[in-house]
Amino acid sequence: MVELGINAIEEKWRRYWEKEGIYSFNPKSKKKVYSIDTPPPTVSGEMHIGHACSYSQQDFIVRYKRMKGFEVFYPFGTDDNGLPTERLVEKRKGVKARDMSREKFIELCMEFLKEERPKYIQDWKNIGISCDWNILYSTIDSHSRRISQWSFLDLHKKKRVYRKDAPSMWCPECKTGVAQVEIKDKEVDSTFNDIVFKVEGKTLIIATTRPELLPACVAVFYHPSDKRYKKLKGKMAKVPLFDMEVPIMEDERADPEKGTGIVMCCTFGDQTDMEWQKAHNLSIKMAISEEGRMTELAGKYKGMSIKEARKNIINDLKEEGLLIKQEPIKHFVNVHERCGTPIEFIKSKQWFVKYLDLKKDMLKWGEELEWHPKFMKHRYDNWVKGLQWDWLISNQRYFGVPFPVWYCKKCDEPIIAEEKQLPVDPMKDKPFAKKCSKCGSSEFVPETDVLNTWFTSSMTPQLSTYLIKDKEVQKKIFPMDLRPQAHDIITFWLFNTMVKSRLHFGKNPWKHTAISGFVTLEGEKMSKSKGNVVRPREVIEKYGGDAVRYWASSSKLGEDINYQEKDVLSGKKFVVKMLNAANFVFMTSRFLKPDGNLEGAQESTKSDKILDNLKYEKKMPKILESDRLFLKELNKVITSTTEAFEDFNYSKAKLEADGFFWKTFADNYLEIVKYRIYNGTTEEKASAGYALYQGLLAILKMMAPFTPYITEEIYQQHFSKNEGKKSIHIEEWPIPLKIKENKTDDEVWDKLIEVMTLTRQKKSEAKKSVKVEIILSLPKKDLELLDKVLGDLKSVLNAREIRESKELEVEFV
RNA sequence: GGCCCCAUAGGCUAGUGGUUAGACCGGCUCGUUUACACCGAGCAUGCGGCAGUUCGAUUCUGCCUGGGGCCACCA
């Protein structure tokens, strides 16, 4: 007696697949390559159910392609550089990056990853993702650093990167630069203050929520069509409290409806202020420091926090009679998602990728990509059309890929590393150049910024492809066939990868993109802050990886899927049913008897009497009519499932294959042949046996992309010795069997099922057992139609006799 | 403010210019124990609203309503 639970079965095959290299990419293969740009998940401790879902969905497609005969290149990577890792390490280790040396912190991050990464990757293995785990990268390893830095070098050569003193988003609380993804909207209470400016001694009232920015005021704007202020054009306005005058200018971005219709521009209160600064070439005044305190510019308010300064300035304005009105309002501001502090714009030297000039091309590139589903392209187009800034790629952080750059200590000229010295750490390494090409100085200072994490992850096609050393093979892999990902990062990952690939290689990185939806719980997006998260580890533990995948296959590509535990339970039911059906087909002694906790498969000894084990016949024996009709139905479902897969419509494929298995195969066909299996002649058994064998094998193959574990279990148990493959997952995708056809086949099969259903109905209405013996009467035309299957019909309905009458009648014996 | 997606039984969903609109979970009525009670058979319940196109609309178009999302703005 061997106790065999579902988790143990899955574990067993997972090990087997790795040991046998079932999913290994063979660079020497003659087959056509199908390559996937697998999303590298951010190492975050534990897999999210959304990951489980979207990686399963891409895996369905990949497994199908593999069975279709492609040499599949399916790498895996983890995205573990940058802020998310820093935060996780800070949280787990209870440290603050800024309280320790940079070196020490980086060391801590690396240690943490070494520990955590394998555990994290295991989650992906557990849901049966069929990656080649030997083609593995991390976005912080030296391989990735080299490629990321090469990307910078190449873009520099192509004059696509530049360094500029520019404002960027900054969190004064965390004292760090902040990326756009880390920003969220928050509604806050604020006050609209009507403040008095003076123009030639006359009062000009301007409304603002940020009076503390008065010292940074550089201009005053009104809308060109605003007649109230037209007369002020070209004049100067005196800023209250601060002894300075600023020009009054026209700009369409000023909204006549808002406040008093005239607005002060302070560098940098918000994005519009930055636009104005640029558009009108205004001077730059920084009233707030990186520490979040008022600068010298603020005079007597210097050193105060933003809040303190606001309070004090308002009091002073009041005292001097320069504050006319205060109105409490609620409005949305951008805040740092971590601490909820409103974002400031702080001017600093940053690196950018120049791409705003390419917007038209970007739209064309998107056009050349095949989107699944199509409508997801709108997100991309929308984003491109709305682009207003070049791509900021430098971050003032610690744990990331360093810029391969030094600066001349004397003249600040950048010195770029050379390709052969990559990967390079400018804080440890020296540039090859001995002297500054501009001023001849030989003293250099390293760049301490790191490349933004998207700068590296936008190189994933190269991060994986370059792990294969053979250049000829690389050409077969890239451009890649498929980029699967979720829709939330179209504007980041997909877009940036597209840009990089175009700038570096002049071509799209992939042919297709498959965009998956989100997992919701009771209709709402899952998120930690809402507390409505489901942990896949627990779900897998309880129901198995196959069951989770089965659930994930029920939603269409691109559509959100609602998580319901009972849907995962359905997956587990499928697994059990499958095993039991195989058990019947082969009449093996192995018997799965699930107990309450769904643990159990066990060997039992109930073998003896049950007919001969199914004998494998490669050649088709003489096929009886109902078996032939069943195989025709099988052919139909093979065709439709294949078509669905070709269209990336895995959910339809699963629906068809699963429905065929449960209804046609298990509930109907098995019942039809049961009597023959137990009591038939050799010929009758052989015919049924052949159809059962081929039917089950095709079902297993069609379901293999969805439930890889149980299909492998059954394949190994019963089929591999005949079929000769090491795994069902490198089997050939089924094709319709060659069998004779008659015009009336569909009609006969449908009639057969109809008569079965109606008879069962009569029995049910009479509250009799389905097995009760009857005398069945059928109209003449039905009898003629069913002529060749009457024997099976009799046995499946337990009819003593089938007679002719006007309509279907059931008489109980 | 711009754009995108969705709307089918109590819940979650499939699907179609003419169909008895199909599953699953749940409900109800039964049955079964020689593959399977995580089973089998049967029953009941459904196309958000208004207009248009059409011989015919749940399906196509427009608007409305409701839900979800992306982007922008937020003096």
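Order of the sequence lines sets the chain letters (A, B, ...), proteins ahead of strands, with each chain counted from 1. Since the structure is predicted, the reported quantities are computational estimates derived from the model, not experimental observations.
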Pairs: protein N or O with nucleotides 24-30 of chain B N or O, under 3.5 Å:
unit_1	atom_1	unit_2	atom_2	d
B:C25	OP1	A:Lys573	NZ	3.2
B:U29	O2'	A:Lys767	NZ	3.3

For nucleotides 73-75 of chain B, which of its nitrogen or oxygen atoms have a protein nitrogen or oxygen under 3.5 Å away, and what is each distance?
unit_1	atom_1	unit_2	atom_2	d
B:C73	N4	A:Asp185	OD2	3.3
B:C74	OP1	A:Thr272	OG1	2.2
B:C74	OP2	A:Thr272	OG1	3.3
B:C74	O2	A:Phe332	N	3.4
B:C74	O2	A:Phe332	O	2.8
B:C74	N3	A:Phe332	O	3.2
B:C74	N4	A:Asn334	OD1	3.1
B:A75	OP1	A:Asp270	OD2	2.7
B:A75	OP2	A:His331	ND1	3.4
B:A75	O3'	A:Thr209	N	2.7
B:A75	O2'	A:Ala207	O	2.1
B:A75	N6	A:Asp255	N	2.8
B:A75	N1	A:Asp255	N	3.1

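Evaluation of the side chain to side chain contact (heavy atoms under 4.5 Å, CB included) rule for A:Asn382 yields no partner, not counting sequence neighbours. In this structure, A:Trp749 has no ring pair (Phe, Tyr, Trp, His ring centres under 6.0 Å) partners at least two apart in sequence or on a different chain. Residues satisfying the ring pair (Phe, Tyr, Trp, His ring centres under 6.0 Å) criterion with A:His372, sequence neighbours excluded, are A:His512, A:Phe648. By the side chain to side chain contact (heavy atoms under 4.5 Å, CB included) test, A:Lys636 pairs with A:Glu633, A:Asp746, sequence neighbours left out. Residues passing the side chain to side chain contact (heavy atoms under 4.5 Å, CB included) test with A:Asp270 are A:Thr272, A:Asp273, sequence neighbours excluded. Taking the side chain to side chain contact (heavy atoms under 4.5 Å, CB included) definition, one finds that A:Ser54 meets it with A:Ser516, sequence neighbours left out.
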If you write RNA chain B from 5' to 3' in dot-bracket form, with Watson-Crick or G-U pairs under 3.5 Å, [ ] for crossing pairs and | for pairs with another strand, what do you get? (((((((..((.(....[...).)).((((((....).)))))....(((((..]....))))))))))))....
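Sorted by residue number, the members of residues 751-760 of chain A with any non-hydrogen atom under 4.0 Å from RNA chain B read A:Thr757, A:Arg760.
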Which letters describe nucleotides 1-9 of chain B, given B = protein heavy atom under 4.0 Å from base, S = only from sugar-phosphate, - = neither? -BSSSS---
Name each donor-acceptor pair under 3.5 Å that joins a side chain in residues 204-216 of chain A to protein atoms two or more places apart or in another chain, with its distance.
unit_1	atom_1	unit_2	atom_2	d
A:Thr208	OG1	A:Arg210	N	2.9
A:Arg210	NE	A:Glu212	OE2	2.7
A:Arg210	NH2	A:Glu212	OE2	3.2
A:Arg210	NH2	A:Glu344	OE1	3.2
A:Arg210	NH2	A:Glu344	OE2	3.0
A:Glu212	OE1	A:Arg310	NE	3.0
A:Glu212	OE2	A:Arg310	NH2	3.0

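A straight line from CD of A:Glu656 to P of B:G22 spans 16 Å, rounded to a whole angstrom.
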